[in-house]
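Step one of this worksheet: look at the structure below.
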Amino acid sequence: NAGVTQTPKFQVLKTGQSMTLQCAQDMNHEYMSWYRQDPGMGLRLIHYSVGAGITDQGEVPNGYNVSRSTTEDFPLRLLSAAPSQTSVYFCASSYQGGSDYGYTFGSGTRLTVV
Amino acid sequence: SQQGEEDPQALSIQEGENATMNCSYKTSINNLQWYRQNSGRGLVHLILIRSNEREKHSGRLRVTLDTSKKSSSLLITASRAADTASYFCATEGDSGYSTLTFGKGTMLLVSP
């Protein structure tokens, strides 16, 4: 099925641990991005990429790293997890330039840092 | 910082009624999009309106955009219980590489 696949769906980390959230899309979208969703805050942009080899920071990038070696994959790395990173993380992709199809979102990763 | 702000924060209506949600934003945009999120799920794209458009329809959805007031509204006609969800507006900027900036959302409850 065409779309955005995120793994894992749930994760519990201890403070200081590192991990990688995976995101893959099979729609040949140039643009991919990571958001976090916290209660009452809506979605906030962490990092984004406009193509393989090109990434940039969003509104809340501290504590996260990304890379884009292929068009399909855009992993998000937590370097040293902190309780403030407890959140639901969403990956999204789209054609660049605002096509009428908008952005396609994954189903999310619910992360708890204890 | 949040670009869009939805109003109201929560809306409760009966099946068959119309639901109207409003969104205000701060900077120049290329387009404005509306998304729906069912509890615990990912966001689903509903409709996109470009900055040079004033109104757009898709099924039971009607979106308006007033760039002079930096505001948009989403109208859902003849609401159904299945429309119960959170609705977010998001704006795509008009400078450089575009990114999508979301508001905090409106929670819609449609009772049978």
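Each chain gets a letter, A, B and so on, in the order the sequences are listed, and its residues count up from 1. Keep in mind the model is a prediction, meaning the values are calculated, not measured.
- In the displayed structure, A:Arg77 atom CZ is contacted under 6.0 Å by more than 12 heavy atoms of other residues, nucleotides or ligands.
- In this structure, no portion of A:Gln6 lies under 4.5 Å from any heavy atom of chain B.
- Counting heavy-atom neighbours within 6.0 Å of B:Arg60 CZ, excluding the residue itself, gives a total above 12.
- Following chains of ILVMFWY side-chain contacts shorter than 4.5 Å, one can reach B:Trp34 starting from B:Val110, so the two form part of one hydrophobic cluster.
- No more than 12 heavy atoms of other residues, nucleotides or ligands shown are found within 6.0 angstrom of CD on B:Gln9.
- Counting only heavy atoms from C-beta outward, the side chains of B:Leu100 and A:Tyr35 approach each other to under 4.5 Å.
- No option in B:Gln33, B:His45, B:Glu92 other than B:Glu92 meets the side chain to side chain donor-acceptor pair (under 3.5 Å) test with A:Tyr103.
- Inter-residue side-chain proximity for A:Leu43 and B:Leu43 is flagged as met; some heavy-atom pair is nearer than 4.5 Å.
- Expressed to the nearest 0.5 Å, how far CD of A:Gln37 lies from CZ of B:Phe88 amounts to 5.0 Å.
- Summarising the local packing, CE of B:Met107 is surrounded by 12 or fewer heavy atoms from other residues, nucleotides or ligands at distances under 6.0 Å.
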